[in-house]
Each structure stands twice: as structure tokens, then as C-alpha cells.
Amino acid sequence: MKDLKHLLDINYPIVQAPMLGVSTPAMVAAVADSGGLGALPLGGLSPEKTLALIRETKAKADKPFSVNLFAHSLEVELIEAHIAKMETFMEILHKKYNLPFKSQSISGCRFYNHLDQIDILLDEQVPIVSFTFGLPEAGVIEKFIQRGVKLIGTATSVEEAVLLENAGMDAIVAQGIEAGGHRGSFIVGEELPQTGLMALIPQVVDKVSIPIIAAGGIFDHRTIKAAFALGAVGVQLGSYFLAADESAAGEVYKEQALAATDTSTELTQAFTGKWARGIRNSFMQDIKNADLNIPHYPYQNSLTTALRDFGKLNGIADIISLWAGQSVSKSKRGSTENLFKELIKQMQVNPNPVF
Ligand SMILES: Cc1cc2nc3c(=O)[nH]c(=O)nc-3n(C[C@H](O)[C@H](O)[C@H](O)COP(=O)(O)O)c2cc1C
């Protein structure tokens with residue numbers, strides 16, 4: 001069964017990407033109520049925030065929406081010496097902005113993952129759950145399947161896609177290297193998977209039988225049709241919605257997105273310890289120049305949070321994580337509803353049999 005619209009109960013096979021820090025309940029509701037799949041990003045959030053955001057989205061949306069979680073383990077290897085050097089580096093940077101720096105004890109940090117959130121999703125009867133950063137545990141998948149919840153995994157390679165299908169996912173987001181934000185990769189080994197979407201879709205489609213949703217660099221009817229021509233039956237757009245009215249990206253972030261070119265982004269571990277694509281800025285360059293060992297996610301993420309928050313508050317693009325994909329120059333201002341409807345209009349003028 002390859003029909004995504006029937007599987008997810010939507011009118012159009014377009015997913016608004018879950019973008020932590022950018023996709024708001026208002027954005028999710030606008031897409032859901034326009035007939036697409038709105039996706040609420042809740043990865044790594046506390047149970048309290050998880051519940052509050054689901055309830056807020058429910059209050060705004062007439063139609064159902066999906067929720068996105070981080071399916072990684074929080075048991076990562078942390079090397080004290082690497083953390084100490086990174087803290088020294090961050091302290092110097094904080095001083096530059098007259099910002100106090102607080103050293104954190106590793107054991108004192110409280111991090112969350114999907115295991116802290118699934119019972120809330122079940123209680124709230126969320127109908128569709130998507131995952132990135134991993135393969136959820138068999139027991140977690142079983143719980144959702146028993147309640148009829150549809151499950152979507154994220155793959156950046158054929159191997160990951162096959163694992164997700166075998167584990168019981170209903171659909172897979174195939175994320176190309178063009179994509180903005182974190183790589184969803186969970187089989188990394190020596191090398192991070194860096195396959196482009198054009199190469200990834202047909203190779204995944206040839207190996208799995210569940211529906212494939214293409215993500216990375218999609219922003220109009222040409223890119224949607226290309227993804228469909230390669231075998232995808234749905235598309236997931238993130239950067240396209242970055243500068244939307246309902247986006248939580250600050251004004252300086254939106255300006256950087258709108259001023260970007262095809263070569264403005266690169267992959268970095270600098271902000272969070274996980275590979276992610278964002279618009280190049282001096283923080284990324286400074287970390288590169290310092291040639292430090294970057295502590296794993298989520299530790300590096302919490303080490304840089306205060307500086308990034310300060311950057312957001314004061315509109316300093318140099319120290320904000322400006323997550324964006326290779327086609328971010330095609331993002332536009334306007335309401336999410338109008339941006340979504342623009343895609344539908346383009347697809348109606350340039351029809352495609354799968355759409
Ligand atoms: C700002 C930003 C935040 C993101 N956060 C998440 C997230 O929380 N969960 C997730 O599964 N994907 C996340 N992504 C990746 C998107 O789901 C999607 O793969 C990507 O946006 C597609 O590429 P595009 O940006 O070129 O459209 C994020 C992407 C961006 C740009």
C-alpha cells in the first residue's frame with residue numbers, strides 16, 4: 001500500500017517538516033487545516049512542555065496532526081577533558097558578549113528523549129508519530145501499533161530505511177544531504193551518510209515497500225515532481241517555511257534565510273555535537289579554527305544554549321544556529337497557509353499522477 005494520503009488521512013501528500021525551534025503550533029495547525037500533514041516538533045522536550053504544546057496545537061487545529069520525537073539513546077560517551085576544553089572556549093566567547101558563563105556538572109544535567117514522552121502521546125491520542133535520530137525500541141513501536149498510531153521513521157541511507165521498515169514503520173522520510181537541520185542518521189560508523197536526495201530516493205524505493213516521503217531541498221512544483229518521478233509518494237518541506245509568519249525563527253534568522261544563496265549552508269557539529277546543516281556563521285568557523293573535540297549531543301547542545309539564546313534575543317546572527325537547507329534561498333515570507341496553498345496551486349497547474 002503506497003498511498004500516503006489514505007495512510008495518513010490527508011488531502012495532499014505534503015508534510016510541513018517538524019523543525020524544533022521553528023515550527024509552532026500555529027504553523028502546524030495552518031498546514032493540517034489546509035489538507036497537508038502538520039508536524040509538531042517535540043524532540044528532547046520535557047513531559048510538561050510536550051503536553052502543553054500538544055494541547056496548544058489541538059486548540060488551534062481542526063484537523064489531526066503528527067508529533068515528532070528524537071529516538072536516540074541519551075547514554076553517550078562523554079570525555080571530561082574534551083568538555084573542559086570546550087567549556088574554556090565557550091567561557092571566552094561568553095566574555096566577548098559580557099555574558100556570565102556557568103560550568104555544568106555532567107551528572108547535574110537532565111536530558112529527555114522519546115521514552116519520557118510516549119505515554120503523553122498515547123494519552124493525548126496523537127494519531128501519527130514521526131521519529132528522527134533512530135529506531136525506536138520494539139516495545140515502544142508495539143505500544144503505538146496497538147493503539148492504531150501510524151509511525152514514520154527517518155532514514156539517510158538504504159540500510160537505515162530497511163531497518164525502519166523491518167521494525168514496523170508505516171512510512172519513511174528519506175532525508176537527503178541537502179536538508180536543513182540535523183541529519184536523522186542513526187547508523188553512522190566511520191562516515192556520516194551524505195547521500196543526495198536524487199541518489200537516495202530510487203535506491204531506497206528499490207529496497208523497501210512502504211511509502212517514501214522525500215526531504216531535502218524541496219520548495220516548488222519542480223522539486224516535488226522530481227521527488228515523485230524518483231519514486232517518492234510524499235514530500236517534506238522545512239526550509240521553505242522558515243520565514244513564514246508563524247515561524248518561531250527570529251527576524252535576524254529569517255533575514256539570513258532570505259539573503260542566503262545556494263552555497264550559504266554547511267554541515268557542522270559545532271552547536272549541538274550532532275551533524276546538522278545551517279547557514280555558515282562565525283561560531284561555526286571559530287569552532288573549526290579552534291580544532292577542538294566536540295562533546296556529543298546533547299551535552300554540546302546544552303553548553304551552547306545560553307549563547308544561542310542571547311544571540312536570538314539580541315539579533316546576533318554570528319552566534320545563532322541558523323539551521324537551513326541548500327535551497328533556503330527559496331524560502332518566502334507570508335502566512336503558512338498561503339505558502340502551503342501556493343504549492344498546491346503550482347501542482348494543480350503542473351499536475352502529477354501521484355499527487
Ligand atoms: C530549523 C530546522 C529544524 C529541524 N528540526 C527537526 C526536528 O526537530 N525533527 C526532525 O525530524 N527534523 C528536523 N529538521 C529536518 C526536517 O525534518 C527536514 O528533513 C528538512 O527540513 C528538509 O530539508 P529542507 O530544509 O531543505 O526542506 C529540521 C530542519 C530545519 C531546517
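As a basis for the values below, the full set of heavy atoms in this structure was taken, side chains included, without hydrogen atoms, waters or symmetry mates. Note that ligands are numbered from 1 as they come in the structure, with each ligand's atoms numbered from 1 the same way.
Distances between N or O atoms of H182 and those of ligand 1 include no value under 3.5 Å. Checking only distances, G180 does come within under 3.5 Å of ligand 1, N or O to N or O. Taking distance alone, with nitrogen or oxygen atoms compared against 3.5 Å, I218 stays at or beyond that limit from ligand 1. Below 3.5 Å of separation, one finds no N or O of L242 facing any N or O of ligand 1. Considering backbone and side-chain N/O atoms, L20 comes within less than 3.5 Å of an N/O atom of ligand 1.
Between the side chains of Q285 and N289, at least one donor N or O lies within less than 3.5 Å of an accepting N or O.
By heavy-atom distance, the residue among A179, G184, P41, S130 lying nearest atom 23 (O) of ligand 1 is A179. When the heavy atoms of Q175, Q16, Q326 are ranked by distance to atom 19 (O) of ligand 1, first place goes to Q175.
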Just do the side chain to side chain contact (heavy atoms under 4.5 Å, CB included) check on V22 and Y253 with the steps written out, would you? CA-CA 10 Å; V22 168; Y253 188 172; 4.0 Å; yes
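Residue K225 places its NZ atom among more than 12 non-hydrogen atoms of other residues, nucleotides or ligands, all under 6.0 Å distant. Residue-environment remark: CD (E124) exceeds the threshold of 12 foreign heavy atoms within 6.0 Å. Residue N11 qualifies as enclosed at atom CG: its count of foreign heavy atoms under 6.0 Å is above 12. Open room surrounds CD on Q125; 12 or fewer heavy atoms of other groups in view lie less than 6.0 Å from it.
Applying the 4.0 Å criterion to heavy atoms of V22 picks out, from ligand 1, the atoms 1 (C). Counting the atoms of ligand 1 from 1 in the order shown, those under 4.0 Å from a heavy atom of S239 are 24 (P), 25 (O), 26 (O), 27 (O). Interface of W323 with ligand 1, defined as ligand atoms under 4.0 Å from a residue heavy atom, comprises 1 (C), 2 (C), 31 (C). Taking a cut-off of under 4.0 Å to the non-hydrogen atoms of A17, the atoms of ligand 1 that pass are 16 (C), 17 (O), 18 (C). Interface atoms of ligand 1 facing Y253, defined by a heavy-atom separation under 4.0 Å, are 1 (C).
Among protein heavy atoms, the minimum distance from atom 21 (O) of ligand 1 is reached at G238 CA, 3.4 Å. In this structure, atom 17 (O) of ligand 1 lies nearest to the protein heavy atom Q236 NE2, 2.9 Å. For atom 26 (O) of ligand 1, the closest heavy atom belonging to the protein is G217 N, 2.8 Å.
Within the 4.0 Å heavy-atom shell around ligand 1 one finds F70. At a 4.0 Å cut-off, not a single heavy atom of S327 sits close enough to ligand 1 to count as contact. Remark: distances from the non-hydrogen atoms of P18 to ligand 1 include one below 4.0 Å.
Residues F283 and I319 share a closest heavy-atom pair of CB-CA, 4.3 Å. Counting all heavy atoms, side chain and backbone alike, D170 lies closest to P211 at O-CD, 3.2 Å.
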Identify every side-chain donor-acceptor pair in residues 175-182 under 3.5 Å, counting partners at least two apart or on other chains, and give the distances.
{"from": "Q175", "atom 1": "OE1", "to": "G184", "atom 2": "N", "distance (Å)": "2.7"}
{"from": "Q175", "atom 1": "NE2", "to": "H182", "atom 2": "O", "distance (Å)": "3.2"}
{"from": "E178", "atom 1": "OE1", "to": "L197", "atom 2": "N", "distance (Å)": "3.1"}
{"from": "E178", "atom 1": "OE2", "to": "L197", "atom 2": "N", "distance (Å)": "3.0"}
{"from": "H182", "atom 1": "NE2", "to": "T272", "atom 2": "OG1", "distance (Å)": "2.8"}

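The pair D318-K96 fails the salt-bridge criterion, with no side-chain N (NZ, NE, NH1 or NH2) lying under 4.0 Å from an Asp/Glu carboxylate O.
Only the side chain of N68 comes within 4.0 Å of ligand 1, judged by heavy-atom distances. Using a 4.0 Å cut-off between heavy atoms, M19 contacts ligand 1 through both its backbone and its side chain.
Cluster membership check: M86 shares its hydrophobic cluster with L99, using side-chain heavy-atom separations under 4.5 Å among Ile, Leu, Val, Met, Phe, Trp and Tyr.
Partners of E251 under the side-chain contact (heavy atoms from CB on, under 4.5 Å) rule, at least two apart in sequence or in another chain, are K254, E255, R333.
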